[in-house]
Amino acid sequence: MTGEPPFDSVFQAVRTRTTVADVAVLVAVPLVLTIVFRSPREMRSSLVFEYTDPSLLTAFASAFVHFDRTHLLVNVGTYAVVVAVVFALAVTSGHRRQFYVVFFNFVLVFPTLLSYLNLSAVRLSAGFGFSGIVMAFTGYLPVALAEYAETHFD
């Protein structure tokens, strides 16, 4: 180890290096998911990505649509845990900028890409929910962990 600080020091580093803007960006996602969930069912239904009638708007918006409270809570809970860990690893290893590039791509670009990738399997169905985006963040976790390890250990 190259002088790796104790666990408490890691929490202190995250606390001192995290800005109000960081918190606002990270909390915006669950807030949007909750606002969409609380909107009228008809509106949510209109935002679902129908595989038989796809549109660019629904390709993006469908990722933020949930009809079941459990589905929403699982997505928000997993997002909160995974993104908090990835953010902490990125901030303490000096990769904040990279984190934000990944974050904005996952939240703003991936929904549309994932929706259109679903068209490769022909079926009469629809897609909605944030699970694909949460899994993208989960897939980024080993990268953030490796960068943290490279920064703090030999």
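The structure presented is a predicted model; accordingly, all values stated were derived computationally and were not measured.
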Which atom of Ala90 lies closest to which atom of Phe99, heavy atoms considered:
CB-CB, 3.7 Å

Are Phe87 and Phe104 linked, directly or through intermediate hydrophobic residues, by side-chain heavy-atom contacts shorter than 4.5 Å (ILVMFWY only)?
yes

So how far is it from Leu73 CG to Leu33 CG, rounded to the nearest 0.5 Å?
11.0 Å

Quick one: closest heavy-atom pair of Met43 and Ser46, and the distance?
O-OG, 2.6 Å

Any sub-3.5 Å donor-acceptor pair from Thr78's side-chain atoms to Asn75's backbone N or O?
no

Going by the angle between their ring planes, with limits at 30° and 60°, are Phe103 and Phe137 parallel, tilted or perpendicular?
tilted

Do Val134 and Ser131 make a side-chain contact, defined as non-hydrogen atoms from C-beta onward lying under 4.5 Å apart?
no

Check the orientation of Phe64 and Phe130. Use parallel for under 30°, tilted for 30 to 60°, and perpendicular for over 60°.
tilted

If hydrophobic clusters are built by linking Ile, Leu, Val, Met, Phe, Trp and Tyr wherever their side-chain heavy atoms come under 4.5 Å apart, do Val48 and Leu113 end up in the same one?
yes

What is the minimum heavy-atom distance between Pro142 and Gly139, and which atoms define it?
CD-O, 3.2 Å

If I compare all heavy atoms of Ser62 with all of Ala59, which pair ends up nearest, and what's the gap?
OG-O, 3.5 Å

Between Ala126 and Glu50, which heavy-atom pair has the shortest distance, and what is it?
CB-OE1, 3.7 Å

Are Val23 and Val83 linked, directly or through other ILVMFWY residues, by side chains that come within less than 4.5 angstrom of each other?
no

Ring center gap for His71 and Phe67 short of 6.0 angstrom:
no

Would you say Met135 ends up clustered with Val65 if hydrophobic residues are merged whenever their side chains have heavy atoms under 4.5 Å apart, either directly or through other cluster members?
yes

Which pair of heavy atoms, one from Thr92 and one from Ala88, lies closest together, and at what distance?
OG1-O, 2.8 Å

Under a 3.5 Å distance rule, please check whether Thr18 uses its side chain to pair with a backbone N or O of Arg15 as donor and acceptor.
no

Spatial distance of atom CD1 (Ile133) from atom CZ (Phe106) [nearest 0.5 Å]
8.5 Å

From CZ (Phe60) to CZ (Phe110), nearest 0.5 Å:
13.5 Å

Within 45 degrees of the axis of the six-membered ring of Phe37 and under 6.0 Å from its centre: does Arg69 put its NZ or CZ there?
no

To the nearest 0.5 angstrom, please state how far the CD atom of Glu42 sits from the CZ atom of Arg44.
8.5 Å

Side chain Tyr148, main chain Val86, donor-acceptor under 3.5 Å
no

Which value, rounded to the nearest 0.5 Å, describes the distance between Leu89 atom CG and Glu147 atom CD?
9.0 Å

Should Val32 and Leu108 be regarded as members of a common hydrophobic cluster, given that ILVMFWY residues are connected when their side-chain heavy atoms come within less than 4.5 Å of each other, either directly or indirectly?
yes

Might you work through the side-chain hydrogen bond (donor to acceptor under 3.5 Å, both in side chains) test for Thr112 and Ser115, ending with a clear yes or no?
CA-CA 5 Å; Thr112 304; Ser115 290; over 6 Å; no

So Tyr51 and Phe49, would you call those rings parallel, tilted or perpendicular, with 30° and 60° as cut-offs?
perpendicular

With no hydrogens and no angle check, just 3.5 Å: does a side-chain donor-acceptor pair link Tyr100 and Asn105?
no

Asp22 and Arg17 ion-paired at < 4.0 Å
no

